[in-house]
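The structure under discussion appears below in the form of structure tokens.
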Amino acid sequence: MDNITLARLLDETAALLEIDAADPFRIRSYRRAAETVEQQTTPLETLIGPDGDVKQLLAIPGIGKGMAANIRDLAATGTMPLREELLTKYRASMLELLRLPGMGPKTVALLYSALQIENIDQLEEAAKRGDLLPLPRMGQKFTDKLLKGIEDYRRNASRFRIDDARQHAERVSELIRQFPGIETITPAGSLRRGKESVGDLDLLVTGPACEPDVVAAAVEHVATLPLIDKLLARGQNKVSFNLRNGLQVDVRLLPRASYGAALQYFTGSKHHNVTLRQRAIKRGYTLSEYALMRLEDNKIIAAASEEEIYNALELDYIAPELRENCGEIEAAARHELPKLITRSDIRGDLHMHTTESDGSNSIREMAEAAIERGLEYIAITDHSKLLTMTGGMDDKRAIAHAARIRAESNRLAEEFAAKRGPQWARYERRLKAGEPNTHEPTVPFRILAGCECDILLDGAMDLENDTLAQLDVIVASVHSGFNQTPEEVTERVLRACENPFVQILGHPTGRKVLKREPYKVDVPKMLAAAAKYGIAVEHNSNPARSDLSDLQLRQAKELGCKIIVNTDAHAIEELDQIDNGIVQLRRAWLSAADLINTQPIDAFLAALRPRP
DNA sequence: GCCGTTTTCGGCCCGACTGTTTTCAGTCG
């Protein structure tokens, strides 16, 4: 049983305990265990087998003797005594009821005991008949809201991709900012933490118009924004609404003095905050969205900035991407947080397309755009012939294209030597603008001649080895079209790793972030093979295509993989998507040293798998 | 059920909003 399934069963048990009105702290321990189990990079079932190391299991925070026994039972039998016991009292289908808005464990339990409601269909019927009305706190308004919630749930239990959510956040922010006296609008929540999908949008707004005595007017402005589809709630300083696409937006208007506390609070994650507040209490403080206060006299210790709050709790500042209660608080206390990777650490992008296949720009345009963004080298990797719909190259074209790429690279080198061309132009522009950290360029920009080759059924590439030998860098990718099962795709990639020309494994997961059922290729197996053969693994920054999750990135690092972050850009502006990729790398606690395209080109080329 | 440089027992996070209420329980983030 894999960790994800283990975590799901523990979490379900927690939900059943909630419906059963069990000890809330016992429930919390099941929830906590579920979360930590999900975050583990090694399969826990290997720790409990005959030659497993139970000590390692008990070393995981939140897992004690009882939980270890539960995990052992789950792995061995697929269930555990407590879960079975609860399932004789309640139905598994009731867990789905908890996902409806406004439905919590108490309500689910009440509906079951009063009306024997076990699932969403029965709930809908009962609500339509008006059976809910006699129950406490369930009037017409509650019933209407519930029916709407059921409808929404059936339509799409929707989450939004981070790049889409960011765009919506900007649109809404622009309109809010039109109100005079609003200075700062920051997206908080999972968007700020960089999760690859977000359920709703949290916008924190501050400025003179948000001070308590005048905030009502600004709230009115927000509550009447033209893009609101449905107003959900409206409080003294909070407005919630839906956009037409179903995305829920929560806007909070906050006084400047407590903005840091609010930002900290609403960025979450929930579990990070819980642990942080426990730490506050141990030190005689209490932490809320308004301030860190001393308990004995309510004196405000810190409130205006997040840094103050973390420092007052004797912690280094914790980047939002790390705030998942996965050991970051302990690491911050020991001053052992990693120096996370930033965009300026990236020196090369080894996966992009031009008009030669399905890209929109020329070799020169891609190179100039990369130079503009501070890169030192790129690889042009157009598609090979298997992907006919992209205009993929056959052997002859691939070789001719490589010659053009090298010619362009040489031209840039000549321009560089003559102190003209895009590298010097950028330098002079930055110098003139007084940009900090502006240095004279020292090495000519390099364009490597590459190809994004397809892996055939037998693991060979769809171009001849003679052709591959004439290119600088080979990205090997699996594209669909063979109608294979995930297991077969995994096998195909493993065979491809044995091909000595393969240097970079392109978008290895085939995963689409919002697909409900993840594509079940065996990623750890692929990563292990890549590590064994010295093949670099690409983290693809384009969230619309596929990439490695933060958990898989941690696995890649632990397995000793060479990791590369690429954009897979099909147009110059897509080079900026590197930011999406970097956020996931940061969430995986990776530093510049964990990647190879953070190195200067010579070191990078030396780190690639040697050519036969 | 977990956890411990104050503890192996007694703790375990905070506040706002909603609906149906005359003081609050439940849900949510």
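In this text, all values refer to a predicted model and were calculated from it rather than measured experimentally.
Not one side-chain nitrogen or oxygen of A/Ser29 sits closer than 4.0 Å to the OP1 or OP2 atom of B/dC12. Between A/Lys145 and B/dG19 there is a side-chain N or O to OP1 or OP2 distance below 4.0 Å. Regarding contacts with the backbone of B/dA16, a side-chain N or O of A/Tyr290 is found under 4.0 angstrom from either OP1 or OP2. Taking 4.0 angstrom as the limit, A/Thr286 places a side-chain polar atom (N or O) nearer than this to OP1 or OP2 of B/dC14. Dashed line: the shortest gap from a side-chain N or O of A/Lys270 to OP1 or OP2 of B/dG29 is not under 4.0 Å.
The residue among A/Ile60 and A/Tyr265 whose nearest nucleotide of DNA chain B is located toward the 5' end is A/Ile60.
The separation of B/dA16 from B/dG11, taken at their C1' atoms, amounts to 26 Å, rounded to a whole angstrom. Nucleotides B/dG29 and B/dT23 place their P atoms 29 Å apart, quoted to the nearest Å. Between B/dT18 and B/dT22, the two C1' atoms lie 16 Å apart (nearest whole Å). Taking the C1' atom of each, B/dC9 and B/dC14 are spaced 26 Å apart, rounded to whole Å.
For A/Phe25, whose side chain is taken as the heavy atoms from C-beta onward, the closest listed nucleotide among B/dC17, B/dG26, B/dG1 is B/dG1. Between B/dG1, B/dT20, B/dT27, one nucleotide has an atom nearer to the side chain of A/Met67 than all others, and that is B/dG1. With B/dG26, B/dC14, B/dC12 as the choices, the nucleotide that has an atom nearest any side-chain atom of A/Arg28 turns out to be B/dC12. Of the listed nucleotides (B/dG15, B/dG29, B/dC14), B/dG29 has the atom at the smallest distance from the side chain of A/Asp202. Among B/dG15, B/dT18, B/dG19, the nucleotide with an atom closest to any side-chain atom of A/Ala233 is B/dT18. Listed nucleotides: B/dA25, B/dG26, B/dC17. Nearest to the side chain of A/Arg137: B/dA25. Distance from the side chain of A/Lys238 is smallest to B/dC17 among B/dG15, B/dC17, B/dT20. In this structure, of B/dG1, B/dG29, B/dT18, it is B/dG29 that holds the atom nearest to the side chain of A/Asp200. The A/Phe142 side chain lies nearest to B/dG19 when the options are B/dC14, B/dG19, B/dG26.
Nucleotide B/dG1: paired with B/dC12 (Watson-Crick or G-U wobble, both distances less than 3.5 Å).
Results of the salt bridge (charged side-chain N to carboxylate O under 4.0 Å, His left out) test with A/Glu321 over A/Arg587, A/Arg192, A/Arg193, A/Arg586 single out A/Arg586 as the only residue that passes.
Ring geometry for A/Tyr112 against A/Tyr90 counts as tilted: the plane angle lies between 30° and 60°, on a 0 to 90° scale. Taking the six-membered ring where tryptophan is involved, the planes of A/His168 and A/Phe160 are perpendicular, since the angle between them exceeds 60° and thus also 30°.
In summary, A/Glu35 and A/Lys270 do not engage in a salt bridge, as defined by a charged side-chain N under 4.0 Å from a carboxylate O.
A donor-acceptor contact shorter than 3.5 Å links the side chain of A/Arg279 to the backbone of A/Leu313.
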